[in-house]
Protein chains: 2
Amino acid sequence: MDKQAITIYDVAREAKVSMATVSRVVNGNTNVRSETKQRVEEVISRLGYRPNAVARGLASRKTTTIGVIIPDVTDVYFSELARGIDDVAQMYKYQIILANSDESNSKTVEVFESLLGKQVDGILFMGNMFDDNIRAKFESSNVPVVFAGSVDATSTEASVNIDYVTAVEEVTAKLVKNKHKKVAFVSGPIEHSINQDYKLVGYKRALDAAGIEFDESLVITADYDYQSGYQLGSIVLGAKATAAVVVDDEMAAGLLNALTDAGVSVPDDFEIVTTNNSHLTVITRPQLSSITQPIYDLGAVAMRMLTKLMNDEELPIKTMILPHGYVKRGTTK
Amino acid sequence: MDKQAITIYDVAREAKVSMATVSRVVNGNTNVRSETKQRVEEVISRLGYRPNAVARGLASRKTTTIGVIIPDVTDVYFSELARGIDDVAQMYKYQIILANSDESNSKTVEVFESLLGKQVDGILFMGNMFDDNIRAKFESSNVPVVFAGSVDATSTEASVNIDYVTAVEEVTAKLVKNKHKKVAFVSGPIEHSINQDYKLVGYKRALDAAGIEFDESLVITADYDYQSGYQLGSIVLGAKATAAVVVDDEMAAGLLNALTDAGVSVPDDFEIVTTNNSHLTVITRPQLSSITQPIYDLGAVAMRMLTKLMNDEELPIKTMILPHGYVKRGTTK
DNA sequence: CTGTTAGCGCCTTCAG
DNA sequence: CTGAAGGCGCTAACAG
């Protein structure tokens with residue numbers, strides 16, 4: 001009861017050619033007389049021959065498989081990225097091995113190693129947590145890696161992102177312009193490079209530009225989920241903030257509902273801007289104003305870059321910045 | 001610039017043993033003197049040897065890789081299932097090749113074939129769309145397949161689900177008990193077996209039990225997303241329904257907001273029950289009452305079943321039914 | 001245009 | 001307990 005009943009040999013015998021010829025037609029090599037090619041193709045479909053990708057991978061040293069490291073498929077932001085990745089991967093005939101890392105360094109190392117063992121042709125990395133150990137492993141491995149919707153200030157890998165600094169700076173400026181003196185920066189774990197080295201920097205720049213002094217107590221962090229956001233409600237209020245830039249839609253939804261439940265009227269008494277423009281932003285009442293970013297495209301472009309890298313092509317630009325925007329909804333005035 | 005610098009031969013030479021011995025220690029074969037075993041292990045870690053899974057797969061005919069067919073990673077229901085799958089897969093040292101099908105028959109066939117080509121040891125299928133063609137392919141393939149959170153009334157594959165019929169019957173009964181004569185059944189595509197052969201059946205049973213005649217015009221279908229749900233608002237109202245059982249949380253959120261925006265007060269003038277109890281149910285205002293189901297566990301158990309199948313163990317029960325429940329929130333009285 | 005011949009890196013009998 | 005040898009199914013020169 002083998003997975004594989006018939007092999008290239010069976011086809012060769014049946015078509016009265018050598019296995020090399022069968023291999024040629026299967027791989028679209030043009031050096032085959034169209035007559036024999038047709039004969040082979042006929043036998044292939046008659047026998048239902050399906051090339052064994054494992055054997056092919058061993059012989060050719062290419063698996064047409066890439067590894068995708070994702071913090072959590074369950075996160076809407078990352079799953080949208082993954083969708084973009086998968087669509088262009090399928091387009092280029094690559095399969096995807098997906099592995100959740102939970103943003104844990106040890107798990108990341110583990111799945112990375114196992115991906116290398118599987119001889120993937122490339123790796124797409126999503127996540128914002130790495131230590132020097134991981135960075136070193138990435139750089140010393142011989143497979144191309146590209147970061148999708150994820151940044152590491154000190155990494156030299158290729159990546160696709162938006163300009164997080166400017167995006168956050170812009171929305172913070174909007175809030176400041178609306179006369180808010182105390183704008184909270186509601187963030188995920190501050191040790192994540194994307195928060196510390198990018199979004200927070202944008203936030204500070206806007207404050208600077210407006211001559212507002214940075215206040216550490218307005219930087220409020222928690223996990224990227226609804227419950228955490230909800231629990232932050234009282235903390236944000238306690239800090240006397242009257243507006244907030246939130247780095248995650250789930251958190252923003254939680255914060256919004258907490259404020260509403262506490263009798264704070266949004267946007268009249270408090271304004272909120274979130275960053276990912278996921279479908280959540282439209283489900284909450286009022287709907288969430290948000291930075292917009294082409295999440296799907298981030299994934300798609302990253303995958304496209306990876307195909308080039310795997311094809312030993314040079315990348316004109318290693319760090320790709322896609323355009324962002326802003327959509328005003330009900331949580332801002 | 002090979003992916004694989006050092007092979008089993010290198011280790012063998014360095015440790016002054018044959019490659020067979022190295023293979024034995026790598027595979028945990030006990031027939032190795034502990035002394036030589038240690039020597040080999042020392043060399044392995046010193047050289048940083050990492051077994052080539054592709055070569056191993058070719059030689060052993062096992063890839064420790066499974067295929068996961070998912071309608072759309074972006075869907076919260078399925079991504080939660082996928083998370084359960086991945087977690088126990090990692091536990092059993094299996095890798096996952098993920099492929100989106102978009103519930104399209106042609107795409108499903110395509111990814112299924114490509115998964116077989118990759119010599120996966122098993123396949124986990126999520127989705128509710130299949131024609132006889134796919135069914136036949138599943139059944140004639142030599143790799144085990146299990147359905148996770150997905151049903152096909154005429155399939156003989158192993159599967160893990162909840163009792164959709166009863167679950168929907170129960171909540172419909174609740175609504176009927178609240179004096180509603182016209183309860184809408186808001187469904188995804190009715191050609192999906194899960195809707196047609198399960199949930200709709202439960203809905204009808206509850207009606208029957210209450211002596212209410214089934215009214216075709218109260219079966220309202222659309223796509224499984226927020227926008228579709230929102231657009232259904234006027235249709236549901238047009239059908240004079242005063243309550244609805246909705247088969248998808250995104251749709252339910254859309255319907256809820258549409259009704260609210262139309263000035264219909266939920267739950268006073270209209271009651272809604274949804275089915276997946278995803279985090280969306282808690283974000284909407286009022287919060288959505290919902291059937292509860294152990295989505296993560298559905299995936300986890302399905303993966304566990306698959307490991308048994310791949311291990312040629314018999315399954316005591318082919319169709320696993322996990323318990324469901326109900327949580328009352330703000331959209332019901 | 002087609003066939004022959006080596007491997008790819010590892011597992012797995014079969015001897016010893 | 002250990003080594004030798006033959007594949008697994010396919011690709012990739014190399015001849016012809």
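- Across all strands, B:Val54 comes closer than 4.0 Å to no nucleic acid atom at all (heavy-atom distances).
- For the pair A:Arg61 CZ and D:dG9 C1', the interatomic distance rounds to 16 Å; values are reported in whole Å.
- In this structure, the NZ atom of B:Lys118 is 17 Å from the C1' atom of D:dC8, given to the nearest Å.
- Taking 4.0 angstrom as the limit, A:Ser18 places none of its side-chain polar atoms (N or O) nearer than this to OP1 or OP2 of C:dT2.
- For C:dG3, its base sits under 3.5 Å from the side chain of A:Arg24 at one donor and acceptor pair at least.
- Among the atoms of the strands shown, only primed sugar atoms or phosphate atoms (P, OP1, OP2) are found under 4.0 Å from some heavy atom of B:Val17.
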Might you work through the ring pair (Phe, Tyr, Trp, His ring centres under 6.0 Å) test for B:Tyr224 and B:Phe78, ending with a clear yes or no? CA-CA 12 Å; B:Tyr224 299 110; B:Phe78 291 115; 8.0 Å; no
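- Listed nucleotides: D:dT11, D:dT2, D:dG7. Nearest to the side chain of A:Ser60: D:dT11.
- B:Glu35 places its CD atom 13 Å from the C1' atom of D:dT2, with the value rounded to the nearest Å.
- The pair A:Asp86-A:Arg83 fails the salt-bridge criterion, with no side-chain N (NZ, NE, NH1 or NH2) lying under 4.0 Å from an Asp/Glu carboxylate O.
- Environment of NZ in B:Lys118: crowded, with over 12 heavy atoms of neighbouring residues, nucleotides or ligands closer than 6.0 Å.
- Counting only heavy atoms from C-beta on, A:Thr36 has its side chain closest to C:dT2 among C:dT2, D:dG9, C:dC10.
- Rounded to whole Å, the distance from CZ on A:Arg13 to P on C:dT2 is 19 Å.
- Following rounding to the nearest Å, A:Ile44 (CD1) and D:dG9 (C1') show an atom-to-atom distance of 14 Å.
- Looking at which nucleotide of DNA chain D each of A:Asn27 and B:Tyr9 is closest to, the 5′-most match is held by B:Tyr9.
- The distance from atom CE of B:Met19 to atom P of C:dG7 is 15 Å, rounded to the nearest whole Å.
- Atom OH of B:Tyr49 is separated from atom C1' of C:dC10 by 7 Å (rounded to the nearest Å).
- Where B:Arg33 and B:Leu58 meet DNA chain D, the nucleotide closest to each residue was compared, and B:Arg33 sits on the side nearer the 5' end.
- For the OP1/OP2 pair of C:dT2 and a distance below 4.0 Å, the side-chain nitrogens and oxygens of A:Thr21 include no atom meeting the criterion.
- Heavy atoms of other residues, nucleotides or ligands lying less than 6.0 angstrom from CD of A:Glu314 number 12 at most.
- Base contact: B:Ser23 has a heavy atom under 4.0 Å from a base atom.
- Between B:Phe112 and B:Phe125, the distance separating the two ring centers is not shorter than 6.0 angstrom.
- One interatomic measurement links the two molecules: CD of B:Gln119 to P of D:dC8, which rounds to 14 Å at whole-angstrom precision.
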